[in-house]
Student: 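Let me give you the structure first, and then I'll get to my questions.
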Protein chains: 2
Amino acid sequence: MKIVGVNIKRLREDQGLTLRALAKKLGISASFLSQVESGKASPSLATLKSISDALTTTVGSLVGEEQKIDDNPIVRLSERKHVQEAGKGINMYLLTSRDPNKQMEPLLFKLKEGAISGAASYKHFGQEFVMVLRGYIEITLNEIVYTLRKGDSIYFNSSVPHAFKNIGKGESEAIWVITPPTF
Amino acid sequence: MKIVGVNIKRLREDQGLTLRALAKKLGISASFLSQVESGKASPSLATLKSISDALTTTVGSLVGEEQKIDDNPIVRLSERKHVQEAGKGINMYLLTSRDPNKQMEPLLFKLKEGAISGAASYKHFGQEFVMVLRGYIEITLNEIVYTLRKGDSIYFNSSVPHAFKNIGKGESEAIWVITPPTF
DNA sequence: TAAATTTGTTAATTTATACTTGACAATAAA
DNA sequence: TTTATTGTCAAGTATAAATTAACAAATTTA
């Protein structure tokens, strides 16, 4: 976890803080903070949390979970990759290239007439955003049924049991952005 | 940091793992894992990282930096809130209700003919996803120009200098999802 | 029904390491 | 020069991370 120290040092210097100033703010010794920054020691979780607070960032950031991405950024309509059928008549297409450093995973869902998802409660932490582009889609969240038509959008936690089906005539289409990426 | 244990336990159980099974996978004792889950002990940063890996999640998640959301999840086409003009002829609409716990911020951009953004390099960490719904939009990333038409999408880091303009005849429209929320 | 596993939890130790103290050279200010 | 102030290091202490082993309760097997 050497990256932690590097990040702390960078943020501290960006904010014009000396080693001793930050250490005092945290109630730890400057010496120890120095060791942490150089990777010679590792802070306890509690200390790391207070460091992230003092630097107005997050533990996740400090451990390097919010990274850079910089590949080919674009995906053309014609180049979308088909991912999988999440049920019969349900097709998903990637709207960005696969990249573990991405925080979001934008997908295009195409639902054939009558297509219906398995009632699923995906158990990973994460959130989902859906906006209907074409047709009518019914989404059930925790037993509550929402009917969405073109232009309507919905946002929910991946952990809540959710299912959906196409209740329109013909194909329906929606943008589906989930976090974190799973494909 | 008691929340850490709670989250670990929930994820472990969700994945059908026993205390001993996960502990073995991690190379630590089941006993210690039990203490961690109940908040009686706190794992080292290194151990926490291996736990988050084993549970296919992140340290940030485990320490509770990715929180629950559970308000009214839906935003109808007719109910979209106008946010601000990010330049002349550029209108943004919220596609979800404001919520600091959300990881994403989905917006609808409407660009009048000829509308052009100020060249901006937003300096917060974060990422952006854009998909054009209507018209033609030109996006410049780091001096590189991309022309997007209906159905094309792009994904980039908020930290890279970016600007955009509507180069189509008439209004153009795009879905714009940014992370983390700023509005 | 009882024996045998397997579950999660706790108390008592050990061991590792988080953290401190104090001194150091290097730089910058007085 | 003197006096602070910077970051770093070696050595020591003390905290708590992690283990061992034994436990009752629940499941499984016979």
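Computed over heavy atoms, backbone and side chain alike; hydrogens, waters and symmetry mates excluded. Every chain is numbered from 1 and lettered A, B, ... according to where its sequence line falls, protein lines coming before strand lines. All values reported here derive from a predicted model rather than from experimental measurement.
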Student: How long is the line joining CG of B:Leu22 and C1' of C:dG8, in whole Å?
Tutor: 13 Å
Student: Take B:Thr18 and B:Ser44, find for each the nucleotide of DNA chain C with the closest heavy atom, and name the residue whose nucleotide sits nearer the 5' end.
Tutor: B:Thr18
Student: Specify the separation, in whole Å, of atom CG of A:Leu45 and atom P of D:dA18.
Tutor: 11 Å
Student: Specify the closest pair of heavy atoms between A:Leu108 and A:Glu173, including all atoms of both residues, with the distance to one decimal.
Tutor: CD2-OE2, 3.9 Å
Student: Pick base, sugar-phosphate or nothing for A:Ser38, based on heavy-atom distances below 4.0 Å to the nucleic acid.
Tutor: nothing
Student: When the distance from CG of B:Leu33 to P of C:dT7 is rounded to whole Å, what number comes out?
Tutor: 13 Å
Student: Do the side-chain N or O atoms of B:Arg20 get closer than 4.0 angstrom to the phosphate oxygens (OP1, OP2) of C:dT9?
Tutor: no
Student: Is the shortest side-chain heavy-atom distance between A:Leu94 and A:Leu107 below 4.5 Å?
Tutor: yes
Student: Is the shortest side-chain N/O distance from A:Ser34 to OP1 or OP2 of D:dG7 below 4.0 Å?
Tutor: no
Student: Do the side chains of B:Leu45 and B:Leu26 join up, straight or via other hydrophobic residues, at under 4.5 Å, putting them in one cluster?
Tutor: yes
Student: Would you say OH of B:Tyr136 has more than 12 non-hydrogen atoms from neighbouring residues, nucleotides or ligands within 6.0 angstrom?
Tutor: no
Student: Could you check how far CD of A:Gln35 sits from C1' of D:dG12, rounded to whole Å?
Tutor: 12 Å
Student: Distance check: side-chain N/O of A:Arg12 vs OP1/OP2 of D:dG7, anything under 4.0 Å?
Tutor: yes
Student: Between A:Glu37 and B:Val36, which has a closest nucleotide on DNA chain D that is more 5'?
Tutor: A:Glu37
Student: Can you measure B:Lys24 atom NZ to D:dT19 atom C1' for me and round it to whole angstrom units?
Tutor: 17 Å
Student: To the nearest angstrom, how far is B:Leu19 atom CG from D:dA24 atom P?
Tutor: 19 Å
Student: If I take atom CZ in residue B:Phe32 and atom C1' in nucleotide C:dT15, what distance separates them, rounded to the nearest angstrom?
Tutor: 13 Å
Student: Using 30° and 60° as the class boundaries, would you call the ring planes of A:Trp176 and A:Phe164 parallel, tilted or perpendicular?
Tutor: tilted
Student: Is there a donor on the side chain of A:Ser31 or the base of D:dC9 sitting less than 3.5 Å from an acceptor on the other?
Tutor: yes
Student: Is B:Ile28 touching bases, backbone alone, or none of the nucleic acid, heavy atoms closer than 4.0 Å?
Tutor: sugar-phosphate
Student: D:dA18 C1' sits how many Å from B:Ile51 CD1, rounded?
Tutor: 12 Å
Student: Is any side-chain N or O of B:Lys40 closer than 4.0 Å to OP1 or OP2 of C:dT10?
Tutor: yes
